[in-house]
Amino acid sequence: MRKGQIERRTKETEIAVEVNLDGQGRSEISTGIGFLDHMLDQLARHSLIDLKCKAKGDLHIDYHHTTEDTGIAIGQAVAQALGERVGINRYGEATIPMDETLTRVALDASNRAYLIWKVTFSRDKLGEMDTELFKEWFQAFAQNAGLTLHVENLYGENNHHIVESCFKALARALRHAIEIDPRKSDSVPSTKGTLGKSLARS
């Protein structure tokens with residue numbers, strides 16, 4: 001079983017994360033931010049990654065630190081669980097509809113972090129959460145999980161649907177990318193023989 005466990009403590013947040021990449025999509029989420037809890041539950045459910053995330057942060061200031069740091073910790077746990085990334089499909093993509101909204105995610109679990117974010121919102125907040133924080137979460141997650149991650153909302157009107165379709169598309173793309181290819185289960189999917197933090201082609 002490919003598992004990762006991270007504890008992150010700063011003056012701003014205390015976060016404990018556990019992941020099982022070969023799980024069934026179970027989740028135990030408590031960040032103090034209701035909408036973020038909902039999105040992380042969707043991430044677990046649709047990626048089939050078992051995810052536990054307990055966070056305590058300086059929410060009396062704003063939601064920025066808690067949102068970003070959960071992305072960091074979950075990304076680190078996923079990277080830890082992937083290890084040398086032997087046998088994975090490496091690439092994944094998903095296009096997810098949600099009523100009037102359509103969002104596309106493509107990713108490369110290359111251990112080279114990069115984010116392309118083509119998502120805009122018509123409102124500054126969803127409930128009490130600033131919509132600009134969703135990019136911060138995806139950036140932190142991609143950086144720490146070692147993903148080249150492209151997120152593009154093709155169209156949509158409802159901001160809740162836009163965000164949720166981004167998380168669901170990430171989940172489905174991630175699910176395929178980290179699955180073991182039975183034909184290549186003993187090798188790293190790269191002509192270099194390793195997936196490392198290099199900008200060179202592989």
Engineer: Decide, yes or no, whether a salt bridge links K56 with E14 under the criterion of side-chain N to carboxylate O below 4.0 Å.
Structural biologist: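 Here K56 does not pair with E14 in a salt bridge, since their nearest N and O are not under 4.0 Å apart.
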Engineer: With under 30° as parallel and over 60° as perpendicular, where do the rings of H160 and F35 fit, or are they tilted in between?
Structural biologist: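 Judged by the thresholds at 30° and 60°, the geometry between H160 and F35 is perpendicular.
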Engineer: Please round to the nearest 0.5 Å and tell me the distance separating atom CD1 of I33 and atom OG1 of T66.
Structural biologist: 5.0 Å
Engineer: Which atom pair, heavy atoms only, marks the closest approach of G156 to T101?
Structural biologist: CA-OG1, 3.5 Å
Engineer: For residues I15 and I29: do they belong to one hydrophobic cluster (side chain heavy atoms under 4.5 Å, members Ile, Leu, Val, Met, Phe, Trp, Tyr)?
Structural biologist: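 Cluster IDs for I15 and I29 match.
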Engineer: Following the transitive rule for hydrophobic clusters with a side-chain heavy-atom cut-off under 4.5 Å over Ile, Leu, Val, Met, Phe, Trp and Tyr, establish whether V119 and L147 coincide in one cluster.
Structural biologist: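 Same cluster.
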Engineer: H65 and side chain to side chain donor-acceptor pair (under 3.5 Å): which single residue from D58, T10, T13 fits?
Structural biologist: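 With H65 as partner, side chain to side chain donor-acceptor pair (under 3.5 Å) holds for just one option, D58.
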Engineer: Are W137 and F167, when compared by the centres of their aromatic rings, separated by less than 6.0 Å?
Structural biologist: yes
Engineer: If hydrophobic clusters are built by linking Ile, Leu, Val, Met, Phe, Trp and Tyr wherever their side-chain heavy atoms come under 4.5 Å apart, do I6 and L43 end up in the same one?
Structural biologist: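 The answer is no; the residues belong to distinct hydrophobic clusters.
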Engineer: Using distance alone, with no hydrogens and no angle criterion, decide if N111 and R85 have a side-chain donor and acceptor under 3.5 Å apart.
Structural biologist: yes
Engineer: Would you name the heavy atoms of I88 and I178 that are closest together and state the gap between them?
Structural biologist: CG2-O, 3.6 Å
Engineer: To the nearest 0.5 angstrom, please state how far the CG atom of L82 sits from the CZ atom of R90.
Structural biologist: 12.5 Å
Engineer: Shortest non-hydrogen contact from A44 to S27?
Structural biologist: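 Closest approach of A44 to S27: CB-CB, 3.8 Å.
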Engineer: How long is the gap from OG1 on T148 to OH on Y114, to the nearest 0.5 Å?
Structural biologist: 9.5 Å
